[in-house]
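Working notes for the structure below.
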Amino acid sequence: MKTRLRKWRLISLFAIMTLILAGCGEANLSALKPAGEVAQKQFDLMVLSTLIMVVVIIVVVILFVIAIVRFRRKDGDDSIPKQVEGSHKLEVIWTTIPILLLIIMAIPVVTYTFELADTSAMEVKDKDGKTKDAVVINVRANLYWWEFEYPDYGIFTSQDLVVPTDEKVYFNLKASDVKHSFWVPAAGGKMDTNVDGVNQMYLVFDSKKSSEAQNLFYGKCAELCGPSHALMDFKVVTKSKDDFNSWVKSMQTVAKEPKVAEGELAKQGQEIFNKSCIGCHAVSTSGNGAGMGPNLSNFGERERIAGFLDHTEENLKKWIKNPDDYKPGNTMAGKYGELSDEQIDALAEYLLNLKVEGK
């Protein structure tokens, strides 16, 4: 008896914890707090399917209780209840109801599927060959970081995806090595990035919801891709259309010539960077070096180091010294010779001053 009571206590505890944890979620990360048109439509489908399931469960429970109460065996009564097998009325009812429920679900699902798959605006070009009236971003997933190219503006960046609010932002998704999955939970569902072929999608970031999230959303890789899969994060920085255009112009100013280091320590760091790091990392927004590592042209303005570490000088030095301690299996580990503490100090000073908007 005591053992049974303990089991029921545990079940009750887990049920309460489930309800409490179900309410947890941040405005910049939770799919249950939609921040745009795509996310809202997908959320509506989740709500609809949940309501249908709850109604079905309630009806089944009611029928079950009625059957137990009404047809329970009574003392001295050995009669068999009336048998209803072969009832055409019941067969029609329990065949028709599931069909109606499926139709109720199918109509919005099919409608939204075609709406959200419509990326035809990406194909409309102006006389210069640029996408007309649409922002297009080429996303390339790598082990374990993200590259973002804005082909109509001629700029590259990585880890921090910058987008305008209140308009559709279109994405071409591709992977460099293994299958990954691009996912911004608050803005919309995930989509795979493959080595062969390009997947396309669009997202919308509502300005009001963005403001509530301090104009910063969290993105994830949603496909198990290696030992540091859980750390393959990126950030989405939302800006008004005017601020986005200003950011683009700032990025284009360093598209050809990298920023020149200021200060003696930063100049030493730039020399070290040009000897040890330039083969993998670009500091010009017009390209991505050899394509082996993230573009660092605006590194000093990033939200995180390596996608998940707080953006501090201390964390940067730790990352440079031994990146494999933080992201096992990353391709940066062992690519350069041992650096002294003084060299790491200089390199960190240079990198933290790589800014395009002068923050």
Side-chain angles (χ1 to χ4, degrees), residues 140-149 154-162 176-177 227-228 231-235 237 247 250-359:
R140 184 177 290 273
N142 310 270
L143 291 171
Y144 298 92
W145 57 279
W146 299 85
E147 175 188 286
F148 306 114
E149 177 191 6
I155 56 178
F156 283 81
T157 186
S158 60
Q159 294 305 97
D160 280 13
L161 172 64
V162 180
S176 296
D177 29 56
S228 289
L231 304 176
M232 190 173 166
D233 297 353
F234 64 95
K235 304 298 175 286
V237 180
W247 175 81
S250 297
M251 292 290 282
Q252 288 174 333
T253 60
V254 291
K256 295 182 179 180
E257 292 294 331
K259 181 179 178 181
V260 178
E262 298 178 2
E264 189 61 33
L265 187 60
K267 288 180 180 179
Q268 293 175 18
Q270 186 171 25
E271 292 178 4
I272 296 169
F273 182 90
N274 290 337
K275 292 179 181 178
S276 303
C277 314
I278 198 68
C280 296
H281 299 281
V283 286
S284 165
T285 59
S286 62
N288 196 37
M292 296 174 64
N295 184 298
L296 302 177
S297 54
N298 63 339
F299 181 83
E301 298 166 337
R302 301 272 168 86
E303 294 294 333
R304 292 289 188 273
I305 292 172
F308 72 101
L309 293 170
D310 288 338
H311 201 274
T312 65
E313 183 177 0
E314 181 183 0
N315 282 335
L316 176 57
K317 292 177 182 179
K318 290 179 180 178
W319 169 257
I320 295 172
K321 194 165 188 176
N322 196 346
D324 210 44
D325 283 351
Y326 300 92
K327 268 191 178 181
N330 76 88
T331 55
M332 179 176 167
K335 291 295 184 182
Y336 52 85
E338 290 292 327
L339 297 177
S340 66
D341 290 341
E342 291 75 15
Q343 288 176 313
I344 291 176
D345 289 343
L347 189 55
E349 178 71 13
Y350 169 65
L351 293 174
L352 290 173
N353 280 282
L354 288 176
K355 301 177 182 181
V356 300
E357 292 188 299
K359 295 180 181 178

Checking [X] now: which residues fulfil salt bridge (Lys or Arg N to Asp or Glu O under 4.0 Å) with it, not counting sequence neighbours?
{"X": "Asp177", "value": "none"}
{"X": "Glu313", "value": "Lys317"}
{"X": "Lys235", "value": "none"}
{"X": "Asp160", "value": "none"}

Does the side chain of [Y] come within less than 4.5 Å of [X]'s, by heavy atoms?
{"X": "Leu347", "Y": "Cys277", "value": "yes"}
{"X": "Glu147", "Y": "Pro294", "value": "no"}
{"X": "Leu316", "Y": "Leu351", "value": "yes"}
{"X": "Ile344", "Y": "Lys318", "value": "no"}
{"X": "His311", "Y": "Arg304", "value": "no"}
{"X": "Lys355", "Y": "Asn298", "value": "no"}
{"X": "Trp319", "Y": "Lys327", "value": "yes"}

*What residues form a side-chain contact (heavy atoms from CB on, under 4.5 Å) with Asp341, not counting sequence neighbours?*
Lys321

Judged by atom type as modelled, is there a donor-acceptor pair below 3.5 Å linking the side chain of [X] to the main-chain atoms of [Y]?
{"X": "Asn295", "Y": "Ser297", "answer": "yes"}
{"X": "Asn330", "Y": "Met332", "answer": "yes"}
{"X": "Ser228", "Y": "Leu231", "answer": "no"}
{"X": "Glu301", "Y": "Val356", "answer": "yes"}
{"X": "Asn315", "Y": "Asp310", "answer": "yes"}

*asked:* Looking at every non-hydrogen atom in both residues, tell me the closest pair between Tyr144 and Pro328 and how far apart they are.
replied: CE1-O, 3.8 Å

*Rounded distance [0.5 Å steps], OG in Ser158 versus CZ in Arg302*: 4.0 Å

*asked:* The criterion is ring-ring contact (aromatic ring centres under 6.0 Å, His included); which residues satisfy it with Phe234, sequence neighbours excluded?
replied: Trp146, Phe148, Phe182

_Results of ring-ring contact (aromatic ring centres under 6.0 Å, His included) for Tyr326 - residues two or more places apart only_ = none

*Check against side chain to side chain contact (heavy atoms under 4.5 Å, CB included), Trp247 and Ile155*: CA-CA 11 Å; Trp247 175 81; Ile155 56 178; 4.0 Å; yes

_Residues in side-chain hydrogen bond (donor to acceptor under 3.5 Å, both in side chains) contact with Asp325, at least two apart in sequence or another chain_ = Asn322

*Under the side chain to side chain contact (heavy atoms under 4.5 Å, CB included) rule, what do Trp145 and Gln159 come out as? Steps first, then yes or no, please.*
CA-CA 7 Å; Trp145 57 279; Gln159 294 305 97; 3.2 Å; yes

For residues 261-275, please give each side-chain donor-acceptor pair under 3.5 Å, one per line with the distance, not counting sequence neighbours.
from, atom 1, to, atom 2, distance (Å)
Gln270, OE1, Ala261, N, 3.2
Asn274, ND2, Gln270, O, 3.3

